[in-house]
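Computed from a prediction, not measured in an experiment: that's the story for all the values here. First listed ligand is number 1; within each ligand, the first listed atom is number 1.
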Amino acid sequence: MRFLALIIFLLTGFVATAAETNYFCIVCGKGPLTGRVWMSKWGPVCDDCYRLENHCSLCGLPVRAGDGSVKTGDGRFICKFDKANAVLDVAEAREVFTDVRRELVGLFGGGFALNYPDVTVNLFDVDYWSEKGRSDGLHKFGFSSTRHSAGGVCTHEVVLLSGRLRDELVATAAHEYTHLWINENCARQLDADVVEAICELSAFKVMAARGPPGQQQKILGNPYTHGEIKKLVALEKEHGIGCVLNWVKNGTAESFTTAAFAAPLPKRMLAATNVPPPLPEALKLGGLLLDGQNRQAIISGVSFAAGETRPVRLLDRTVQVRCREIRRAEVVLEVDGLAGAFTLKIGEEKFVP
Ligand SMILES: [Zn+2]
Ligand SMILES: [Zn+2]
């Protein structure tokens, strides 16, 4: 059911009339297409392919056998377009982890290196957690653990979800590496929510150092932290990362006591498996539907005619959206609580308050 919701949300639609099409289907190659044509972020899709049962787990594009898509061990599909940027191979995942780790030590200083540097990195699929039957310590797309043995020796392990886009994997790798560092360096029991926020801060710093801005926005807009990450980012900006790390290592409290960090993070940040999220985090123009003079826009899974106002459910709230105008590959929207109108292109996301 969760998968279904995501597919509907991601499935892009755009119908051109028979008369105006000189499109070829990017899934099956058929064309020039007549009748209904669906426009995805990658290009036109014929009506037959639009009805296919299987979809790319990353972008929602329909997939069919022999079209260049791949299937993961747990049955997720990845389209031929996303395949190039998806990490499916453990060697590549290890490379991502090693690069991120080097970057973090560069950003945070030598004190952020591990005393026990060996880390076993593996990829897992969605079934992994149901087999394990546990949710404690589970993060969105990765898991880390440290075994402490005699003489204070630490053995580190990280597992990352396969088949995700490289940029997203980078953020997860930074998050998980930070868990390992905390495991090594913090003898006291920290508030679990504080730990998560610190790990998200690492992800944010790496993404900020690398670009791409979309990923930073994603971390800041992450509804699981209810804005707490923004507070920690501000705190770090004011006092420096050294201050945060020193508090982890040498502090006595289990959670931050400054006013900026007084509000506890919600517990569900830890518990949610979130693979994939049940509802979108941001407004997204999935696609447009053009059928003669009749136009509709699919915004975060809800279809709009021009001039219509409808509620759109996002992950942690519902927003009232008015679709002012539907253009060829974008819409003009107004959202309650936001001053002015803004445009949204196909595939683009907008975080709203
Ligand atoms: Zn087709
Ligand atoms: Zn895709």
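Vertex the Zn ion (ligand 1); arms to Cys46 SG and Cys25 SG; angle rounded to 10 degrees, 110°. Vertex the Zn ion (ligand 2); arms to Cys59 atom SG and Cys79 atom SG; angle 110° (nearest 10°). At the Zn ion (ligand 2), the vertex angle linking SG of Cys56 with OD2 of Asp82 is 100° (nearest 10 degrees). Angle SG (Cys49) to the Zn ion (ligand 1) to SG (Cys28): 110°, rounded to 10°.
You'll find the side chain of Ile241 stays beyond 4.5 Å of the side chain of Leu107, heavy atoms only.
Side-chain N/O atoms of His148 and Glu184 include no donor and acceptor closer than 3.5 Å.
A salt bridge links Glu92 to Arg166: one of the charged nitrogens lies within less than 4.0 Å of a carboxylate oxygen.
Atom CZ of Arg188 is surrounded by more than 12 heavy atoms from other residues, nucleotides or ligands within 6.0 Å.
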